[in-house]
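Structure first, then comments.
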Amino acid sequence: MADKNHEMWNALGMDLETHDQLCAVLPTAFGDVFLTQDNIPAGMDYFYTVAGDIHGLRPAELIEAQKAGKKVFGTFCVFVPDEIVIAADGIVTGLCGGSQFWVPEGETVLPINTCPLIKASLGARIGKTCPFFRIADIYVGETTCDGKKKAYEILGEDVPMHIMQLPHSKRPKDMENWKDEIEEFAARVEEVTGKKITIEKLNEAIKVINGKRKALSRLYDCRKEKCVPISGRDVLLIMQIAFFDDPQRLSQVVNELCDELEERIRNNVSVVNEDAPRIMLTGTPLAVPNWKLHNIIESSGAIVVCEENCTGTRYFTHSVREDNKTLDEAYAALTDRYMTNINCACFTPNPGRVEDIIRLAKEYHVDGVIDLNLKFCSLYDTEGYFVERELKKAGIPVLGLETDYTDNDAEQLRTRIGAFLEMIREK
Ligand code: BJ8
């Protein structure tokens, strides 16, 4: 397998020597975080296999699909409607970087005080150390935060890009603008794939992605129970894989896992003691392989039961209407789902996010919320003011944390999280 992968990476023009250094550390990092857990559900096997060959299995499938004439679209944000790409027989793969390994390379072209997600994403492309960044035929960016917008200009010198202009409010005229952007994106997708998007194909693609949303929703529902049948770490890994795996296969394996988890709930099989504090994470997304916070929280005796972020609830909540009669109706349905219901901090004002957080805290019976910010993300950092104020008003303990992808602050985070959990236990 290793030789086959090397051949593939070589053909992709990757820097094999540097990439080998990443391959050497990932299995240990993965083992330390995941394989140290007790009582792992059998249904995690699939996800551990994918993670164990993360730069081999799926990239090989994508290359095969390209040989059969399909085009691969790389994306960085949950605002990009996958349905459009799938309706034109294309494939979507997430590209956000979650490893410190890629950050120094990103810093060669970006200011140091850029968030690590952006630095890692550019670093992965520039350093030629991620196959997904090599495979994608076109990248799709979006005007969410300033850091991403400007970083896309740099990326655009190196790869074909399509940028979706995301309005930063949700007024009727903003909705209209976003619908225009979706239509423009559809035209670009047709041009890249050479395939026409029909209403039948689009409704079909909507069903596929809704199926994935329903499966992930079902998975999250299992975490609302008093008996918690799966760790937060495992769910985070599933969510990260959901961004690049085949959507139908993903739905199937998640549903199979949910059968097992629901059985566990019936038999009261929990992965933690009943008195383990239930924690919700909110804030910036956790791109693969960023498992740092979940690992610290759960190895400190608590359990993460919900993530209100884009590698959590913001990715799958709300479905798109499936029985659209015309393309115009379908684009309006996509506009509605993507604009109305994703409460990213790039919107102003953004009261829906605080409402979501309070509602989710209740639904998942959380004992405390950790409001996580990736260093240098001023959007989520600033919005933390409202998040923390409203949580305190609602009587829900909250801890604001800022971190990056390094392990330099791991001990400090462990101490702060430990003190927070202690405070919750004494409540
Ligand atoms: S919808 S959260 S995926 S933009 S953390 S790069 S905001 S400086 S990732 Fe995001 Fe879409 Fe919003 Fe979700 Fe910028 Fe902040 Fe970095 Fe961020």
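Nothing here was measured: the structure is a model prediction, and the numbers come from that model. We count ligands from 1, going down the list as the structure has it; atoms in each ligand are counted the same way.
Counted by atom type alone, D245 and Y46 present one or more donor-acceptor pairs between their side chains at under 3.5 Å. Q165 and N177 are not linked by any side-chain donor-acceptor pair at a separation below 3.5 angstrom, with hydrogens and angles left out of the test. Remark: the W102 side chain and the S121 side chain contain no N/O donor-acceptor pair separated by less than 3.5 Å. With hydrogens and angles left out, the side-chain atoms of D328 and T326 include no donor and acceptor closer than 3.5 Å.
At a heavy-atom distance under 4.0 Å, only side-chain atoms of P285, from C-beta outward, approach ligand 1.
Note on ring orientation: taking the six-membered ring where Trp is involved, the planes of F185 and H162 are tilted (angle from 30° to 60°).
Of all atoms in ligand 1, listed by their number and element, those nearer than 4.0 Å to a heavy atom of T144 are 4 (S). Applying the 4.0 Å criterion to heavy atoms of F79 picks out, from ligand 1, the atoms 1 (S). Close approach to C344 involves these atoms of ligand 1, each under 4.0 Å from a residue heavy atom: 1 (S), 2 (S), 4 (S), 12 (Fe).
Once rounded to the nearest 0.5 Å, the distance linking OG1 of T75 with CG of L95 reads 6.0 Å.
Counting backbone and side-chain atoms alike, C377 contributes no N/O/S atom closer than 2.8 Å to atom 16 (Fe) of ligand 1.
The nearest protein atom to atom 16 (Fe) of ligand 1, hydrogens excluded, is given as C115 SG, 2.3 Å; this is a heavy-atom distance. For atom 11 (Fe) of ligand 1, the nearest non-hydrogen atom of the protein is C77 SG, 2.3 Å. Regarding atom 14 (Fe) of ligand 1, its nearest protein heavy-atom neighbour is C145 SG, 2.3 Å. Among protein heavy atoms, the minimum distance from atom 2 (S) of ligand 1 is reached at Y380 OH, 3.1 Å. The nearest heavy-atom contact from the protein to atom 13 (Fe) of ligand 1 is C310 SG, 2.3 Å. Given atom 10 (Fe) of ligand 1, the protein heavy atom at minimum distance is K148 NZ, 3.8 Å.
Of the listed options I118, N343, N309, I118 places a heavy atom closest to atom 6 (S) of ligand 1.
Note that atom 4 (S) of ligand 1 has protein non-hydrogen atoms nearby, at separations under 4.0 angstrom.
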Candidate pair Q248 and Q252, rule side chain to side chain donor-acceptor pair (under 3.5 Å), full reasoning: CA-CA 6 Å; Q248 280 164 312; Q252 191 195 322; over 6 Å; no
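In terms of heavy atoms, I424 sits closest to P277 at CG2-CB, 4.1 Å. Taking both residues in full, the closest heavy atoms of R125 and Y139 are given as CD-OH, 2.9 Å, listed atom of the first, atom of the second, then distance.
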